[in-house]
Amino acid sequence: MNDVYISIGTNIGERYANLQRAIELLMEKEGLEVIGVSSIYETAAVGFTDQADFLNIAVHVRTSSSSCEMLKICQSVENELGRVREFRWGPRIIDLDILLYNHENIETESLLVPHPRMYERAFVLVPLIEITPTPSGEQLQRAHATLQQMNLQEEGVTLWKQSADTRLMPSMK
Ligand SMILES: Nc1ncnc2c1ncn2[C@@H]1O[C@H](COP(=O)(O)OP(=O)(O)OP(=O)(O)O)[C@@H](O)[C@H]1O
Ligand SMILES: Nc1nc2c(c(=O)[nH]1)N=C(CO)CN2
């Protein structure tokens, strides 16, 4: 089995429902178990800043899928939620990025892991660190150390809904 951390973001439509649906769809995939879901954070848009605030979470899954298959799963969840690609860093119904896959470094044409921008993004690091309180491995330790240097108010990251919401994790009631 493989340990994977995924970042999920949404800033169009019913943002909370979009996150719920994305988790439900992940849970339906064969050989995949959702191990943990962070609290939900409301975050100011990064990159292209003239757009609505996002809701962001981090999810820990355990899966028999390869990294390449996992990317396809993430893309299928995006498609099932009706994501339309407009422009880079633009508004989106849902976005699933693979942050970490085991402790591997992956560089293919379609997949870079660790996600190349994860260490500069407070909207990724805050939820990731919440679900990895005792970081194992160089990548998570770097994530923790990097976050410690950040000012979350300046980064525009605020807690929106505390975790332990059984509706977000229907099978873990
Ligand atoms: N770790 C990764 N997770 C998800 N997609 C990745 C990853 N590494 C490379 N990609 C590639 O990135 C492509 C573009 O992804 P996407 O449109 O979601 O980018 P983005 O979310 O707008 O920007 P960013 O990559 O900065 O988060 C995907 O088609 C995928 O092949
Ligand atoms: N706050 C926030 N900003 C973003 C996000 C996101 O999920 N949250 N995703 C982006 C493209 O991956 C670009 N900018």
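One-based numbering, in listed order, for ligands and for the atoms of each. The analysis underlying the following values was restricted to heavy atoms, covering all of them including side chains, and did not include hydrogens, waters or symmetry mates.
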Before signing off on this row, confirm whether [X] and ligand 2 have an N or O atom pair separated by under 3.5 Å.
X     : value
Ala44 : yes
Gly9  : no
Gln51 : no

- Query: Do Glu78 and ligand 1 have an N or O pair less than 3.5 Å apart?
  - Reply: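 In this structure, Glu78 places no N or O atom under 3.5 Å from an N or O of ligand 1.
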
Which of the ligand 1 atoms, numbered from 1, are nearer than 4.0 Å to a heavy atom of [X]:
X      : result
Arg117 : 24 (P), 25 (O), 26 (O)
Arg121 : 24 (P), 26 (O), 27 (O)
Leu111 : 1 (N), 2 (C), 7 (C), 8 (N), 9 (C)
Leu71  : 4 (C), 5 (N), 31 (O)
Gln75  : 28 (C), 29 (O), 30 (C), 31 (O)

Closer than 4.0 angstrom, basic N to acidic O: yes or no for [X] and [Y]?
X     : Y     : value
Glu42 : Arg15 : yes
Glu69 : Lys72 : no
Glu80 : Lys29 : yes

- Message: Determine whether a donor-acceptor pair (N or O, by modelled atom type, separation under 3.5 Å) exists between the side chain of Thr132 and the backbone of Leu128.
- Response: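 Confirmed, Thr132 side chain pairs with Leu128 backbone.
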
- Message: For Asp97, which part has a heavy atom under 4.0 Å from ligand 1: side chain, backbone, both, or neither?
- Response: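 The answer is both.
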
Give the atom numbers and elements of ligand 2 that come within less than 4.0 Å of a heavy atom of [X].
X      : result
Thr43  : 1 (N), 2 (C), 8 (N)
Asp95  : 11 (C), 12 (O)
Arg92  : 11 (C), 12 (O)
Ala45  : 1 (N), 3 (N)
Arg121 : 12 (O)

- Message: Any heavy atom of Glu109 closer to ligand 1 than 4.0 angstrom?
- Response: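 No, Glu109 has no heavy atoms under 4.0 Å from ligand 1.
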
Please state which protein non-hydrogen atom is closest to [atom] and give its distance, to 0.1 Å?
atom                    : value
atom 8 (N) of ligand 1  : Leu112 N, 2.9 Å
atom 7 (O) of ligand 2  : Asn56 ND2, 2.9 Å
atom 18 (O) of ligand 1 : Asp95 OD1, 3.1 Å
atom 9 (N) of ligand 2  : Phe123 CZ, 3.8 Å
atom 20 (P) of ligand 1 : Arg92 NH1, 3.7 Å
atom 3 (N) of ligand 1  : Ile98 N, 3.0 Å
atom 15 (O) of ligand 1 : Arg85 NH1, 3.9 Å

- Compare all side-chain heavy atoms of Trp160 with those of Tyr16 and state whether any distance is below 4.5 angstrom.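 In short, these two side chains touch, coming nearer than 4.5 Å.
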
- Message: If you define the side chain from C-beta out and look only at heavy atoms, does anything of Thr10 sit under 4.5 Å from Asp95?
- Response: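 No, too far: nothing below the 4.5 Å cut-off.
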
- Message: Could you check whether Arg142 makes a cation-pi contact with Tyr119, meaning its NZ or CZ is under 6.0 Å from the centre of the six-membered ring and within 45° of the ring axis?
- Response: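 Yes, Arg142 lies over the aromatic ring of Tyr119.
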
- Could you walk me through whether Arg21 and Glu24 pass salt bridge (Lys or Arg N to Asp or Glu O under 4.0 Å), step by step? CA-CA 5 Å; Arg21 187 75 191 119; Glu24 278 167 13; 3.1 Å; yes

- Rounded to the nearest 0.5 Å, how far apart are CE of Met70 and CG of Leu32?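 CG of Leu32 is found 5.0 Å from CE of Met70.
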
- Could you tell me whether Gln75 atom CD has more than 12 heavy atoms of other residues or ligands within 6.0 Å of it?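 Yes - once you tally the heavy atoms of other residues, nucleotides and ligands closer than 6.0 Å, there are more than 12.
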
- Query: Hey, looking at atom 31 (O) of ligand 1, which of Gly9, Ser110, Cys74 has the closest heavy atom?
  - Reply: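 Considering heavy atoms of Gly9, Ser110, Cys74, the nearest to atom 31 (O) of ligand 1 sits in Ser110.
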
